[in-house]
Structure formats: C-alpha cells, structure tokens
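Input: a single structure, listed below in structure tokens.
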Amino acid sequence: MKNRERYIAQLNRMHSGKGFIAALDQSGGSTPKALAQYGVLESSFSNDEEMYTLVHEMRTRIIKSPAFKSEYILGAILFENTMDRKIDNQWTADYLWEKKNIVPFLKVDKGLADLANGVQLMKPIANLDELLTRAAERNVFGTKMRSVIKEANATGIREVVEQQFAVGLQIFEKGLIPIIEPEVDIYSADKAKSEEILKTEIKKQLGLLDKDVKVMLKLSIPTVNDFYKDLMSDPHVVRVVALSGGYGQDEANEKLSQNHGLIASFSRALSEGLTASQSDEEFDTKIAKTIKGIYEASIT
C-alpha cells in the first residue's frame, strides 16, 4: 500500500505541480565531459569506477544543496549508476523523495544508433526488463529514453516515434511512467517541419493507447511557440517537458518562457557554471540562481 500511495502522490505531483525536472543523467561517453565542465579533468581518475564515484559526488553535492528543493524542482532524472548508489545511506531515489519530495526518474536508453533516414533510433536496450525490475525495487517512479531527429524525414520520424512508444509500453507495464524523448536537433535546417511530422506521429501513437496508459513527453523547445500545447491536454499525457538541447542557460529559459505549460527538463543548462573548486557558499549561490531562473521560465 505504501508504494501505491507513493506512486499516486508522485503521479499527482508530476501532473499538476509547479516546477521543473532536473536532468542528472549524463552517462557513458558524456560523463567525462560533464566532469570536465565541473572542473574535474580526466587525469583525476584512472578507470570507470573512479570516474563514476567522482560524478556521484558531483550529483550528491547538487542534490544535497539547500537550493535543490521541491519548491522549484518536481523531479530528477538519474543515470543507472546513480540509482545504484546511496546518499547518506539511502538509495538515491529514496533520498530524493523522502528527504526532498522530488520524484525520481531513471535514464534507461543505451545511446543512439547510427544515422539513417535522417534520425538516430535508440540502440537495443539489453536487459531492459531486469533494469526496470531493479528500478521498481529502488522506488523509481519513471524512466526516460532519447532518440534524435536530424532531418524532416517522414519515414525516419515515424520509426523513432514507433520505437519510443513500443518501449514505453513495456516500461508502463512494469509499473513505471515512461518519458518519451524524440529530440529534434536544434541545429536542424528544417526543424519546424520535423516538429510538424513529429507531432502528427505522436498523436497517432497516443490514439492507439489503452485508456489507462500514461506517458510523459520530453521534446525540444519548438520553433513555433505553444506548438505542443494541444498534446498537454491529451488524457494519456502526464506532462510535456522540454530539453535544453544545447541552448545556453539564458537562451533556453527565454525560449521556454514563451511556451505556456511547457516545463524544463534541463541538464547542461542546469549545471552551467558549477565547479568542484567552488566553496559550498559559492556553489549554493550559483545553483540557487540557476534553479530560480529555470523555475520562473517553467511556470509561465
């Protein structure tokens, strides 16, 4: 009963709460880059275990910051390695919910396939069922998985959306809420056209779902303001969130603020300007300013 009550509380928070989702899920090849931006060079670690220990220390510092609180933040997306580690002797997902009232998500994709038909599908997700079982045991609420659209290729975009929803159904059947993330490259020459095709395909897949199925959507900030507003009212959609997609913090916030009801799920924009060498006071001051800016852009 406790888990069911937790699930309902988290579902309600994600559906109607004010705030944004903090994306703390850099993994694999992106981890050294994330650490470098934080001021931790590759010479600081000699193997993956040391690297992931350092990145967990960075994420722990962010999560434990007094500025990282439910007044502004609805949820946080974790990398598998972070889910399997602890903060103050609690599993990270439990710490987020029980200490911070922030809903935990898990990144489940294993990266992108090679470009074909103008898109990059997800690589096959080996052992997904086992990972989802472990996520449920760790009290994770939902998952996220990313594909990338580079061109307005109708065949490729349809393949992306069909793959996302097929895996999303598998995730939902394990008791988790999937965040479906078909990112449109912000540098694409035909971004607006890609978004038109994408929305059509998303609506098609939403129309095929059984009435009880719930998903979230994580999309690039659209070229046309409020372009995804109609998706927000679909009964299957818990929330529509936006990725920063490579925009800097200020530009991402500005574009987000012009899309009513769209909330942030920022990664690079969230950690911009944070460094290991900062004192706790400097670190907390910087992240507090960042969090407030993203929050204000998310509540328009």
Side-chain angles (χ1 to χ4, degrees), residues 21-65 68 73 75-100 102-114 120 122-146 167 171 174 176 179 181 243 265-280 282-284 286-287:
I21 297 175
L24 304 174
D25 59 329
Q26 298 98 338
S27 60
S30 65
T31 301
K33 184 178 178 181
L35 282 171
Q37 290 172 340
Y38 184 58
V40 177
L41 302 180
E42 289 196 41
S43 58
S44 302
F45 51 88
S46 56
N47 54 50
D48 283 354
E49 178 60 26
E50 291 179 3
M51 177 182 72
Y52 287 128
T53 295
L54 288 168
V55 84
H56 187 64
E57 289 173 0
M58 177 185 74
R59 288 166 177 157
T60 296
R61 192 181 189 193
I62 291 172
I63 290 169
K64 291 186 70 174
S65 170
F68 197 87
I73 299 169
I77 304 172
L78 308 174
F79 170 49
E80 180 182 351
N81 190 278
T82 308
M83 176 187 75
D84 288 333
R85 292 177 184 260
K86 294 184 176 183
I87 299 176
D88 292 354
N89 296 315
Q90 282 188 290
W91 295 115
T92 303
D94 285 334
Y95 184 91
L96 280 166
W97 181 247
E98 294 174 13
K99 300 295 186 184
K100 294 278 189 167
I102 291 172
V103 180
F105 291 84
L106 174 68
K107 168 189 164 73
V108 295
D109 70 81
K110 301 301 182 183
L112 300 169
D114 292 337
Q120 289 180 275
M122 293 182 289
K123 290 179 179 178
I125 307 173
N127 303 316
L128 177 59
D129 193 71
E130 183 275 330
L131 176 59
L132 297 174
T133 297
R134 199 163 80 252
E137 291 171 350
R138 297 276 192 270
N139 292 318
V140 168
F141 170 75
T143 66
K144 87 109 186 182
M145 50 194 176
R146 173 176 171 259
V167 178
I171 291 164
K174 293 290 286 189
L176 303 168
I179 299 178
E181 183 183 3
L243 55 101
S265 177
F266 291 173
S267 172
R268 280 163 288 193
L270 174 67
S271 58
E272 188 177 299
L274 300 178
T275 64
S277 62
Q278 289 168 328
S279 68
D280 287 345
E282 290 169 335
F283 183 93
D284 292 337
K286 174 57 182 172
I287 197 171

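Contact between Pro32 and Glu42 at its shortest, heavy atoms only, is CB-OE2, 4.0 Å. Of all the heavy atoms in Ile102 and Ala76, the pair that sits closest is CG2-N, 3.7 Å. Glu282 and Gln278 get closest at one heavy-atom pair: OE1-CA, 3.4 Å. For Leu270 against Ala23, the heavy-atom pair with the smallest separation is CD2-N, 4.4 Å. Ser65 approaches Asp284 most closely through the heavy-atom pair OG-OD1, 2.8 Å. In terms of heavy-atom proximity, Met145 sits nearest to Asp109 at CA-OD2, 3.3 Å.
Summarising the local packing, CG of Asp114 is surrounded by 12 or fewer heavy atoms from other residues, nucleotides or ligands at distances under 6.0 Å.
Scanning for salt bridge (charged side-chain N to carboxylate O under 4.0 Å, His left out) contacts around Lys86 gives an empty result, with sequence neighbours left out.
For the ring pair (Phe, Tyr, Trp, His ring centres under 6.0 Å) test with Phe105, the passing option among Phe79, Trp97, Phe141 is Phe141; the others fail.
Considering CZ of Phe68 and CD1 of Ile73, their distance stands at 4.0 Å, rounded to 0.5 Å. Leu24 contributes atom CG, which lies 5.5 Å from atom CD1 of Ile62 (distance to the nearest 0.5 angstrom). Between the CD atom of Glu49 and the OG1 atom of Thr53 there is a distance of 4.5 Å, given to the nearest 0.5 Å. Here the straight-line distance linking atom CG of Leu112 with atom NZ of Lys123 works out to 8.0 Å at 0.5 Å rounding. Of the inter-residue distances, the one linking Asp25 atom CG with Asn81 atom CG reads 12.5 Å to the nearest 0.5 angstrom. Rounded to the nearest 0.5 Å, atoms CG (Leu35) and OH (Tyr52) are 10.0 Å apart.
Residues Leu176 and Leu106 form no side-chain contact, since every pair of their non-hydrogen atoms from C-beta on lies 4.5 Å or further apart. Side-chain atoms of Met58 and Val40, non-hydrogen and from C-beta on, never get closer than 4.5 Å to each other. Within the 4.5 Å cutoff, the side chain of Leu78 has heavy atoms near those of the Leu96 side chain. The shortest side-chain heavy-atom distance between Arg134 and Asp84 falls under the 4.5 Å cut-off. Looking only at side-chain heavy atoms (C-beta outward), Met51 and Asp48 come within less than 4.5 Å of each other. The side-chain heavy atoms of Met83 and Thr92, taken from C-beta on, include no pair separated by under 4.5 Å.
Side-chain atoms of Arg59 never come within 3.5 Å of backbone atoms of Thr82 as a donor-acceptor pair (strictly under, hydrogens ignored). Of the possible donor and acceptor atoms, one in the side chain of Gln120 sits under 3.5 Å from a partner among the backbone N and O of Ala113. At least one donor-acceptor pair under 3.5 Å links the side chain of Lys100 to the backbone N or O of Ile63.
A salt bridge is absent between Glu80 and Arg138: the closest approach of a Lys/Arg side-chain nitrogen to an acidic carboxylate oxygen does not fall below 4.0 angstrom. Here Lys174 does not pair with Glu137 in a salt bridge; the nearest charged N to carboxylate O distance is not below 4.0 Å. Ion pairing between Asp88 and Lys64 holds under the 4.0 Å rule for side-chain N and carboxylate O.
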*Audit row: Tyr95, Asn89, side-chain contact (heavy atoms from CB on, under 4.5 Å) steps and yes/no*: CA-CA 9 Å; Tyr95 184 91; Asn89 296 315; over 6 Å; no
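Among residue pairs with one or both ends in residues 270-280, those qualifying as salt bridge (charged side-chain N to carboxylate O under 4.0 Å, His left out) are Arg61-Asp280; sequence neighbours excluded.
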